[in-house]
Amino acid sequence: MLQGAPSVMVPQLMTAFDLDVADIGWLTSSFLCLYLIFQVPGGYLADRCNARALLVICSLLMAVACYWFSISETMLSASASRAFMGVVTSPVIVVCMTLASRWFPERYFPTLAGLIEAFALAGGGLGPLILPNLMEAFGWQGAMQAAAIFGVVLAAMIAIFVKSTPPVSVSDVRLHEVTCGADLEIEKVDTSPFDRVSFSLCCMYGFGLFAVITSFGGLWGIPFFYERFPGEQEAVADMVALVFVGAAIGAPLLGWLACQVGSTRKVMMACAVISPIFFSMLIFCQCSMLVMALICFMCGISSGGYMLAFSVVKSISPAERVGVLLAITNGSMLLAGPVMQLLIGFILEGIGHDGLSALSIQDYQLAFVPLLLCQLLALIVAVCLKKQ
């Protein structure tokens, strides 16, 4: 929700800080840039620190950052507060996944990782619904101060209800009971060689599928549909939102399916096959808005398979490095946003000469070819992954 907050405050922020469009872009991206940079340090903290204490501290610092942003009077102060938000929230999703991996049997991890991702996507989807109502009542400063209050409440709830990671994973309890403290057996399990090739393939898989959600759904889908369905601005926004809704539903659903099938790799391959099919239909199919809305939803569900990469990474990671490796995987997925958004922008700029208004449907279709290639990369990766 915080990551996309400035997108619903653009006119107010431009007036408050006397900004142009480029300044708004910098203000928005300052969060994501620092969030990406601090993924690995955040993962290191997730491995080394008390999980409950880390979540409480992050929530409180997030509240401080929100309040700082609300009282900022200059572009520099606002950008610094956004960057601080990115830093203090960077460990959070990895800590949540680490908690899930330690408190629940390993067979449940794909489903739980999917639920964590679903709530993250839901936050991004609810932001444009909740924040405008708060802004209408209290102004943009009041909306951010409400977010700060929520951060304090969240920190208190975490302190009361969340337990830190146990010294031994639930999945390893039986091992400890059987060995009765035989450290040699436990060390033999924990020090197994780390498969760097599979880890790299998982990062590429997540990059390939998440690129559709963050590049098409996050930026270029709306102008494409404006050209595809002229005069239907409100309906277009709803169609693009269905990509995120589908991903939020698909992430836990596909994780549950992987648990039932007993093979994460098979579900990953199925997603990597189905996702480019639906995305090709999305950009090339001539159909009604109702059919296109269904295609957007199915495209989101199939692309939600990106979170299965977390399951494979967790299963091949040494216990003492799970947080760091999950953080690197998360960072590789998030990197798809700025990389592919920028690439598509360059392609459209090279094709068009008079701005977005001069671009045709065919221009957008050509610019979206790299996204199809990303999905095909995910399919190749899924085929190359070893059977876990």
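Count residues from 1 along the sequence. All heavy atoms count here, side chains included; hydrogens, waters and symmetry mates do not.
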For residues [X] and [Y], report the shortest heavy-atom separation together with the two atoms involved.
| X | Y | answer |
| --- | --- | --- |
| Cys287 | Ile295 | SG-CD1, 4.2 Å |
| Leu254 | Ser302 | CD1-O, 4.4 Å |
| Tyr205 | Cys271 | OH-CB, 3.6 Å |
| Val152 | Leu60 | CA-CD2, 4.4 Å |
| Leu379 | Ala272 | CA-CB, 3.4 Å |
| Ile347 | Pro370 | CD1-CG, 3.7 Å |

Please test Cys374 against Met340 for side chain to side chain contact (heavy atoms under 4.5 Å, CB included), starting from the C-alpha separation and ending with a verdict. CA-CA 9 Å; Cys374 285; Met340 297 309 298; 3.8 Å; yes

Does the side chain of [X] reach to within under 4.5 Å of the side chain of [Y], using non-hydrogen atoms?
| X | Y | answer |
| --- | --- | --- |
| Pro41 | Tyr44 | no |
| Leu36 | Leu32 | yes |
| Leu348 | Trp220 | yes |
| Arg228 | Gln365 | no |
| Ile344 | Leu371 | yes |
| Cys202 | Leu385 | yes |

Surrounding [atom1] of [X] (heavy atoms of other residues, nucleotides or ligands, distance under 6.0 Å), is the total greater than 12?
| X | atom1 | answer |
| --- | --- | --- |
| Gln362 | CD | yes |
| Phe284 | CZ | yes |
| Phe244 | CZ | yes |

In terms of hydrophobic clusters joined by side-chain contacts under 4.5 Å, are [X] and [Y] together?
| X | Y | answer |
| --- | --- | --- |
| Val88 | Leu34 | no |
| Met281 | Ile301 | yes |
| Val313 | Ile116 | yes |
| Val64 | Phe31 | no |
| Ile37 | Leu27 | no |

Exactly one of Lys314, Glu117, Arg102 should register a side chain to side chain contact (heavy atoms under 4.5 Å, CB included) with Met97. Which one does?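 Passing option: Glu117.
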
When rounded to the nearest 0.5 angstrom, what is the spacing between [atom1] in [X] and [atom2] in [Y]?
| X | Y | atom1 | atom2 | result |
| --- | --- | --- | --- | --- |
| Leu253 | Trp256 | CG | CH2 | 7.0 Å |
| Ile277 | Cys299 | CD1 | SG | 11.5 Å |
| Ile283 | Met292 | CD1 | CE | 10.0 Å |
| Leu61 | Met85 | CG | CE | 12.0 Å |
| Phe119 | Cys96 | CZ | SG | 11.0 Å |
| Trp103 | Lys163 | CH2 | NZ | 5.0 Å |

Side-chain donor/acceptor of [X] to backbone N/O of [Y], under 3.5 Å:
| X | Y | answer |
| --- | --- | --- |
| Thr214 | Phe210 | no |
| Arg82 | Gln3 | yes |
| Arg265 | Val383 | yes |

Which is it for Thr264 and Ser311 under the side-chain hydrogen bond (donor to acceptor under 3.5 Å, both in side chains) test, yes or no, and what are the steps along the way? CA-CA 8 Å; Thr264 304; Ser311 300; 5.1 Å; no

How are the rings of Tyr306 and Phe310 set to each other: parallel, tilted or perpendicular (split at 30° and 60°)?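 Perpendicular: the ring planes of Tyr306 and Phe310 meet at over 60°.
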
Give me the ring orientation class for Phe69 and Phe17: parallel if the planes are under 30° apart, tilted from 30 to 60°, perpendicular past 60°.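 Answer is tilted, since the angle falls between 30° and 60°.
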
What do the steps show when you test Asn50 against Leu54 for side chain to side chain contact (heavy atoms under 4.5 Å, CB included), and what is the final call? CA-CA 6 Å; Asn50 181 289; Leu54 186 58; over 6 Å; no

Side chains of Ser30 and Ser79, donor plus acceptor under 3.5 Å: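 The answer is no; no qualifying pair exists.
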
Flag for Ser77-Trp68: side-chain donor and acceptor within less than 3.5 Å: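 Indeed, the side chains of Trp68 and Ser77 share at least one donor-acceptor pair under 3.5 Å.
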
Is the distance between the ring centroids of Phe279 and Phe216 under 6.0 Å?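 Yes, they do, as the ring centres are separated by less than 6.0 Å.
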
Determine whether the aromatic ring centres of Phe368 and Phe224 lie less than 6.0 Å apart.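 Aromatic pair counts; centres sit under 6.0 Å.
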
Which is it for Leu55 and Leu99 under the side chain to side chain contact (heavy atoms under 4.5 Å, CB included) test, yes or no, and what are the steps along the way? CA-CA 11 Å; Leu55 286 176; Leu99 282 167; 3.9 Å; yes

Dump the intermediate steps for side-chain hydrogen bond (donor to acceptor under 3.5 Å, both in side chains) on Gln39 and Ser90, then the final yes or no. CA-CA 5 Å; Gln39 277 297 295; Ser90 59; 5.2 Å; no

When you look at Met333 and Met307, which way does the side chain to side chain contact (heavy atoms under 4.5 Å, CB included) test go after all the steps? CA-CA 9 Å; Met333 296 176 186; Met307 52 70 51; 6.0 Å; no

